[in-house]
Amino acid sequence: MSSNAAPWLYLASQSPRRRQLLDQLGVSHRLLLPDAHEDAEGLEAVLPNERPEDYVQRVTLAKWEAAQHRLQRRREAVGHDWEVGPILCADTTVAIDNDILGKPADDADAASMLSRLSGREHRVLTAVVVEGGLRLSTSHVRWRVLSADEIDRYVASGEPMGKAGAYAIQGRSGAWTERIDGSYSGIMGLPLFETAELLKPLGWHF
């Protein structure tokens, strides 16, 4: 990236919400998605007795390191298509009773997660890494009590799949949310304050 060029970065994430949030900040970005042979899901495996805070930071750093190697491989193969640039990675997890609720494996798993969150407060942790610098956002979310029918209808909508904790705060579950203490954008998947703080030293102005 030349000193007089407009800043941009690689986003190593398939999340459309993270793209939307970077657009909200006015951050130009290009996708740097995993190759077919990469075990992206394997990076998200939980270690024995791992705390949610440690887990989300470890996974995010692992994703960033994998993205660094990915960019290097692509530059060696077709360098003219892959410029040098900073890489942003993020990971979000939901925790309740210090248990990590990742992405549901199936409908039954999603319904089980939603039942645990019903009527209780939980934490949403999102870590962000840019050029090796890491920030962690922790938010507390409380839901009202959900009926079995509400859970079944939400699972049937398909929205829980692929989401940590089996829900998307910007989706239908927003109607259940009594209180948020923390970062709404962090719950979505990319905390804007922490992200902006990481980007300022690289030439962005907010």
Side-chain angles (χ1 to χ4, degrees), residues 13-25 40-60 62-63 89-129 134-196:
S13 171
Q14 301 186 61
S15 167
R17 295 166 299 284
R18 292 189 178 118
R19 298 198 70 181
Q20 173 189 342
L21 290 164
L22 284 178
D23 287 340
Q24 184 176 328
L25 283 181
E41 294 296 322
L43 295 176
E44 299 181 1
V46 181
L47 300 178
N49 302 315
E50 192 169 26
R51 298 190 314 153
E53 296 86 346
D54 298 332
Y55 165 80
V56 73
Q57 293 178 83
R58 176 183 63 79
V59 169
T60 307
K63 288 182 175 181
C89 283
D91 191 72
T92 300
T93 196
V94 171
I96 189 165
D97 299 330
N98 223 35
D99 292 337
I100 296 169
L101 303 186
K103 299 170 185 174
D106 51 30
D107 286 357
D109 194 24
S112 175
M113 290 184 188
L114 295 167
S115 296
R116 288 193 67 181
L117 300 177
S118 172
R120 299 187 58 192
E121 182 176 289
H122 60 273
R123 287 181 295 154
V124 181
L125 305 98
T126 298
V128 185
V129 173
L134 184 147
R135 290 288 187 111
L136 176 65
S137 167
T138 302
S139 301
H140 296 261
V141 181
R142 183 175 183 85
W143 283 0
R144 64 168 172 80
V145 175
L146 307 179
S147 69
D149 183 61
E150 286 174 318
I151 291 174
D152 288 345
R153 283 190 280 112
Y154 187 58
V155 171
S157 76
E159 191 171 275
M161 305 313 294
K163 313 290 194 311
Y167 78 94
I169 191 67
Q170 74 279 10
R172 299 184 187 185
S173 67
W176 309 333
T177 304
E178 293 182 352
R179 184 175 67 253
I180 291 174
D181 179 11
S183 168
Y184 184 83
S185 59
I187 300 168
M188 283 182 66
L190 189 70
L192 295 185
F193 175 80
E194 286 80 1
T195 299

Salt bridge [X]-[Y], side-chain N to carboxylate O under 4.0 Å:
{"X": "R120", "Y": "D97", "value": "yes"}
{"X": "R144", "Y": "E150", "value": "yes"}
{"X": "R19", "Y": "D23", "value": "no"}

For residues 100-107, which side-chain donor-acceptor pairs fall under 3.5 Å, sequence neighbours excluded?
residue, atom, partner, partner atom, Å
D106, OD1, A108, N, 3.3
D106, OD1, D109, N, 2.8

Are any side-chain N or O atoms of [X] and backbone N or O atoms of [Y], one a donor and one an acceptor, separated by less than 3.5 Å?
{"X": "S115", "Y": "A111", "answer": "yes"}
{"X": "T177", "Y": "W143", "answer": "no"}
{"X": "E159", "Y": "V155", "answer": "no"}

Quiz item: Counting only heavy atoms not in N98, do more than 12 fall under 6.0 Å of its CG?
Solution: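 It does: N98 CG has more than 12 such atoms within range.
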Quiz item: Just wondering, are more than 12 heavy atoms of other shown residues or ligands nearer than 6.0 Å to CZ in R172?
Solution: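 No - once you tally the heavy atoms of other residues, nucleotides and ligands closer than 6.0 Å, there are 12 at most.
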Quiz item: Taking the side chain as C-beta and beyond, is there a heavy-atom pair between I180 and I187 under 4.5 Å?
Solution: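 SC-SC contact between I180 and I187 confirmed.
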Practice problem: May I ask you to check whether W176 and Y167 place their ring centres under 6.0 Å from each other? | Solution: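 No: the rings miss the under 6.0 Å criterion.
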Quiz item: Atom OG in S13, atom NZ in K63: separation rounded to 0.5 Å?
Solution: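 The OG atom of S13 sits 7.0 Å away from the NZ atom of K63.
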Quiz item: Nearest 0.5 Å, what's the CZ-CD distance between R18 and Q24?
Solution: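 Answer for the CZ-CD pair, R18 versus Q24, is 15.0 Å.
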